[in-house]
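Written below as structure tokens is the structure these notes are about.
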Amino acid sequence: MNTPHPPDPRDRPARLSVGVVGAGRVGPVLAASLQLAGHRPVAVSGVSETSVRRAAQLLPDVPLVSPAEVLARADLVLLTVPDDALPGLVEGLAETGAVRPGQLIAHTSGRYGAKVLDPALRAGALPLALHPAMTFTGTAVDVQRLAGCSFGVTAPDELRMAAEALVIEMGGEPEWIAEESRPLYHAALALGANHLVTLVAQAMELLREAGVAAPDRMLGPLLGAALDNALRSGDAALTGPVARGDAGTVAAHVTELRAHAPGMVAGYLAMARATADRALAHGTLKPELAEDLLGVLGGDPEGPAT
């Protein structure tokens, strides 16, 4: 944006000085992406050695200062701290007078909407909730991954254009989430992304136990196809022994898991039950095959297979 007279940030943000409170995996990446859009990172706060190192790599020459000093220097402040720490941080900054009227305060929590920023709002700040629906490594590769990334956006109506403009400048796509829907929205993302990592890691561990030298290479095409099919077709993409009602195969799986990875049995049974329920509802699993299957899945995770 080359506007000689910056517009009101309630309408569309002009070039802004950007500060980051919490140099975890997310904040420095978002600040770096805003820098590419012409904004100017001016301050970052971080405590751990990892945070300091990450900030130095992604935001070189940007000074590391206290959270209060970040707010003193920045027009746009990104609060990128863990969810449980966010309410107390906002209250503390507001109570100490660190928040300036007209300052854009944005958090990146998926759980919370704009209401958690009410203490800052009462101090005159402009509150935004901008949650990138992306898993972060805290490295430069994340800046590239933001291209096309959806952001869950919640803000007062008068700030909607400003919030959406910032997301677009980071390469993302804004998706408006109602304040009351934020916890459900975040639960959906955690279910899909966080648990996926656990499932993939467990699958690789079992393949190594089975003698597969490169489990990542084996799983890559399979999981990529499964994800693509699921996104395209939903429950119609269900396949495998549970969806087919192969109770004997599932029982054999449970037996092997109890012998080689007993800690995974409960998770396998829980996911298989959920899969069976969806397959039954969709018509993939025939009711006449479901009884024996559900008998296997109803066994004690720590006891013998039924």
Interatomic spacing from CG in D216 to CG in L207 - rounded to 0.5 Å: 10.0 Å
Full working for side chain to side chain contact (heavy atoms under 4.5 Å, CB included) between L93 and I105: CA-CA 11 Å; L93 291 171; I105 304 287; over 6 Å; no
Close side-chain approach of W176 and E164, heavy atoms under 4.5 Å: yes
Sidechain-backbone polar pair: S51 side chain, G24 backbone, donor-acceptor under 3.5 Å: no
Linked hydrophobic residues, L231 as query - side chain contacts closer than 4.5 Å: L227
Distance-only donor-acceptor hits, side chain of residues 114-127, under 3.5 Å, sequence neighbours excluded:
{"residue": "K115", "atom": "NZ", "partner": "D118", "partner atom": "OD2", "Å": "3.3"}

T96 side-chain N/O to G92 backbone N/O, donor-acceptor pair under 3.5 Å: yes
Short side-chain to backbone donor-acceptor contact, Q202 and M264, under 3.5 Å: no
Side chain to side chain contact (heavy atoms under 4.5 Å, CB included) between V242 and L285, intermediate numbers included: CA-CA 8 Å; V242 172; L285 175 59; 5.6 Å; no
Over all atoms of both residues, closest heavy-atom pair of A243 and A279: CA-CB, 4.1 Å
P215 backbone acceptor or donor facing R208 side chain under 3.5 Å: no
Connected hydrophobic set around M271, excluding itself, where side chains approach under 4.5 Å: L199
Steps toward side chain to side chain contact (heavy atoms under 4.5 Å, CB included) verdict (L34, L76): CA-CA 11 Å; L34 287 168; L76 166 64; 3.8 Å; yes
Least distance between heavy atoms, A32 atom then L59 atom: N-CD2, 3.8 Å
Non-hydrogen side-chain atoms of F151 and L146 separated by less than 4.5 Å: yes
Single-linkage hydrophobic cluster L297~V254, side-chain heavy atoms < 4.5 angstrom: yes
Inter-residue atom distance S33.OG - H39.NE2, 0.5 Å rounding: 9.0 Å
Minimum heavy-atom distance between R15 and A37, given as atom pair plus value: NH1-O, 4.1 Å
Heavy-atom donor-acceptor pair, Q57 side chain to T139 backbone, under 3.5 Å: no
Summary of ring pair (Phe, Tyr, Trp, His ring centres under 6.0 Å) pairs that have at least one residue in residues 122-150, sequence neighbours excluded: H131-Y185, H131-H186
Reported OG1-to-CZ distance for the pair T239 and R244, which is rounded to 0.5 angstrom: 5.5 Å
Side-chain donor/acceptor of R25 to backbone N/O of R54, under 3.5 Å: no
In one Ile/Leu/Val/Met/Phe/Trp/Tyr side-chain cluster, 4.5 Å: V20, V143: yes
In one Ile/Leu/Val/Met/Phe/Trp/Tyr side-chain cluster, 4.5 Å: V90, L130: no
Flag side-chain contact, heavy atom, 4.5 Å: M218 against L222: no
N229: side chain to side chain contact (heavy atoms under 4.5 Å, CB included) partners, not counting sequence neighbours: A237
Side chain to side chain donor-acceptor pair (under 3.5 Å) involving H195 - partner list, sequence neighbours excluded: none
Spacing of L196 atom CG and L223 atom CG [to the nearest 0.5 Å]: 7.5 Å
S233 (side chain) donor-acceptor with A230 (main chain) under 3.5 angstrom: no
hydrophobic_cluster_shared for L128 and V21, side chain cutoff 4.5 Å: no
R40 atom CZ, neighbour heavy-atom count above 12 within 6.0 Å: no
Those residues that, when tested against D84, pass side chain to side chain donor-acceptor pair (under 3.5 Å) (two or more places apart): R111
Partners passing side chain to side chain donor-acceptor pair (under 3.5 Å) against D83 (at least two apart in sequence or in another chain): S109
Test item: L58 and V29 side chains (from C-beta on) under 4.5 Å apart, heavy atoms: yes
Heavy-atom pair of closest approach, residues V200 and L219: O-CD1, 4.3 Å
Under 3.5 Å: donor-acceptor pair, side chain of H107, backbone of L79: no
Contacts of A43 that satisfy side chain to side chain contact (heavy atoms under 4.5 Å, CB included) - sequence neighbours left out: V65, V70, R73
Greater than 12 external heavy atoms within 6.0 Å of E179's CD: yes
L78 vs V18 side-chain heavy atoms within contact, under 4.5 Å: yes
Connected via hydrophobic side-chain network under 4.5 Å: V52 and V42: no
Distance in Å, D246 CG paired with L293 CG, rounded so as to fall on 0.5 Å steps: 8.5 Å
Heavy-atom pair of closest approach, residues P287 and L280: CA-CD2, 4.1 Å
With R145 via side chain to side chain contact (heavy atoms under 4.5 Å, CB included) - residues at least two apart: M134, T137, V141, D142
Inter-residue atom distance T135.OG1 - L189.CG, 0.5 Å rounding: 11.0 Å
Atom CD of E49: over 12 foreign heavy atoms under 6.0 Å: no
Test side chain to side chain donor-acceptor pair (under 3.5 Å) applied to T154 - qualifying residues, sequence neighbours left out: R182
Shortest non-hydrogen separation from L269 to V296 and the atoms involved: CD2-O, 4.3 Å
Pairs flagged by ring pair (Phe, Tyr, Trp, His ring centres under 6.0 Å) wherever residues 238-266 is involved - sequence neighbours left out: H253-Y268
